[in-house]
Amino acid sequence: MNILGIDSSGPVASCAVMSGGRIVHSIALNHGLTHSEALMPAVDAAMRASGLTCADIDAFAAVAGPGSFTGVRIGICTAKGLAHAAGKPCAAVDALEALAMNFYGFGGLVCPILDARRGQVYCALFDASSGMPRRVAPDAAVALGELLARLPEDRTVMFAGDGLPLHGPAIVERLGARAMLAPANLCDLRADAACALAAARPEAWMPAGELQPVYLRAPQAERERNARLNREANS
């Protein structure tokens with residue numbers, strides 16, 4: 001089984017190739033180029049290094065969100081375009097679950113947090129103590145204080161994600177020794193995790209045309225439009 005994994009949902013753009021159950025190539029880019037500039041050259045390099053073509057790929061896995069609206073769309077459109085051209089299926093991978101894969105076997109709970117702006121984080125809660133992350137709480141977009149208030153008081157919690165630089169100090173202040181903050185090498189989502197999750201669920205693969213972004217709230221442009229329409233209707 002050959003899977004190409006793509007992620008551009010956050011600050012890091014990445015892609016990976018899984019072949020025969022092994023990750024044979026993985027690239028992560030966080031050096032200032034936009035995802036639209038960096039992603040396709042990275043995909044091309046991964047495919048060439050792996051000795052594969054799109055025709056050899058069994059499924060194109062894309063991190064479908066939550067995350068940056070623009071970044072998610074870039075990754076989704078890239079995967080859909082490649083899959084459509086090759087006549088192969090796609091797999092939608094949840095960003096928070098993929099990030100939790102970094103802590104396979106961790107004995108506490110894993111709480112990925114992504115910066116959702118507007119004072120909120122995208123978050124979820126997983127138990128990865130037995131291997132693959134098992135979801136404990138659904139994806140949500142909430143204020144940090146609301147998230148921390150929901151956490152079990154009897155478990156150590158590992159936090160990771162691009163929300164950590166902004167919110168890490170407040171997390172430690174609130175939770176103390178119950179909080180663990182992921183080190184830099186484990187803090188970012190990895191496209192090889194998207195490959196592994198897609199490979200574990202072939203029954204969830206879908207035609208390329210059915211792959212859609214996952215937004216936990218409406219994009220800013222849509223929110224602003226709705227607010228303007230409401231003001232006009234009430235004026």
Side-chain angles (χ1 to χ4, degrees), residues 1-102 114 122 132 139 162 188-216 218-219 221-222:
M1 179 187 297
N2 298 322
I3 295 177
L4 174 67
I6 293 172
D7 174 49
S8 57
S9 62
V12 180
S14 63
C15 66
V17 177
M18 172 182 275
S19 182
R22 298 183 302 116
I23 301 298
V24 297
H25 200 82
S26 183
I27 301 173
L29 305 168
N30 190 18
H31 48 40
L33 291 178
T34 65
H35 292 343
S36 58
E37 295 173 299
L39 191 57
M40 277 309 300
V43 169
D44 181 61
M47 297 295 287
R48 286 189 287 105
S50 304
L52 300 172
T53 69
C54 285
D56 299 316
I57 298 298
D58 295 297
F60 293 82
V63 175
S68 159
F69 294 128
T70 300
V72 167
R73 285 194 295 268
I74 289 171
I76 289 287
C77 290
T78 300
K80 289 177 73 167
L82 293 172
H84 179 75
K88 298 297 179 69
C90 287
V93 176
D94 181 273
L96 297 166
E97 183 178 16
L99 185 49
M101 283 284 284
N102 288 357
L114 306 177
Y122 297 126
M132 297 287 278
D139 292 2
D162 64 45
D188 295 318
L189 196 162
R190 295 163 46 174
D192 50 16
C195 291
L197 287 168
R201 300 166 184 161
E203 71 280 359
W205 296 358
M206 66 192 73
E210 295 181 9
L211 183 65
Q212 297 295 328
V214 174
Y215 299 139
L216 295 184
E222 183 177 333

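This is a predicted model, so every value here is computed, not measured.
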Which heavy atom in [X] sits nearest to a heavy atom in [Y], and how many Å separate them?
X	Y	value
L197	E97	CD2-OE2, 3.8 Å
H35	I74	CB-CD1, 4.0 Å
M47	C54	CE-N, 3.6 Å
W205	A198	NE1-O, 3.0 Å
A55	K88	O-NZ, 2.7 Å
A45	I27	CB-CD1, 4.1 Å

Inset, instruction - Would you please name every residue forming a salt bridge (charged side-chain N to carboxylate O under 4.0 Å, His left out) with D58, sequence neighbours left out? - result: none

Legend entry - Within-4.5 Å side-chain heavy-atom neighbours: L82 and V43: yes

Quick one: [atom1] on [X] to [atom2] on [Y], what's the gap to the nearest 0.5 Å?
X	Y	atom1	atom2	value
L189	N102	CG	CG	7.5 Å
D7	D192	CG	CG	10.5 Å
C195	M1	SG	CE	11.0 Å

Residues 59-67, side-chain donor-acceptor partners within the protein, below 3.5 Å, at least two apart:
none

Legend entry - Verdict with reasoning, L52 to L4, per side-chain contact (heavy atoms from CB on, under 4.5 Å): CA-CA 10 Å; L52 300 172; L4 174 67; over 6 Å; no

Distance-only donor-acceptor hits, side chain of residues 11-24, under 3.5 Å, sequence neighbours excluded:
{"from": "S14", "atom 1": "OG", "to": "A191", "atom 2": "N", "distance (Å)": "3.3"}
{"from": "S19", "atom 1": "OG", "to": "N2", "atom 2": "OD1", "distance (Å)": "2.7"}

Inset, instruction - For S9 and G71, indicate whether the former's side chain and the latter's backbone hold a donor-acceptor pair under 3.5 Å. - result: no

Legend entry - T70 and S68 side chains, donor-acceptor separation under 3.5 Å: no

Inset, instruction - Apply the test side-chain contact (heavy atoms from CB on, under 4.5 Å) to residues K80 and Q212: give CA-CA distance (whole Å), side-chain angles for both, the deciding distance (0.1 Å), then the verdict. - result: CA-CA 9 Å; K80 289 177 73 167; Q212 297 295 328; 3.8 Å; yes

Legend entry - Working for side-chain contact (heavy atoms from CB on, under 4.5 Å), residues L114 and L99: CA-CA 10 Å; L114 306 177; L99 185 49; 4.1 Å; yes

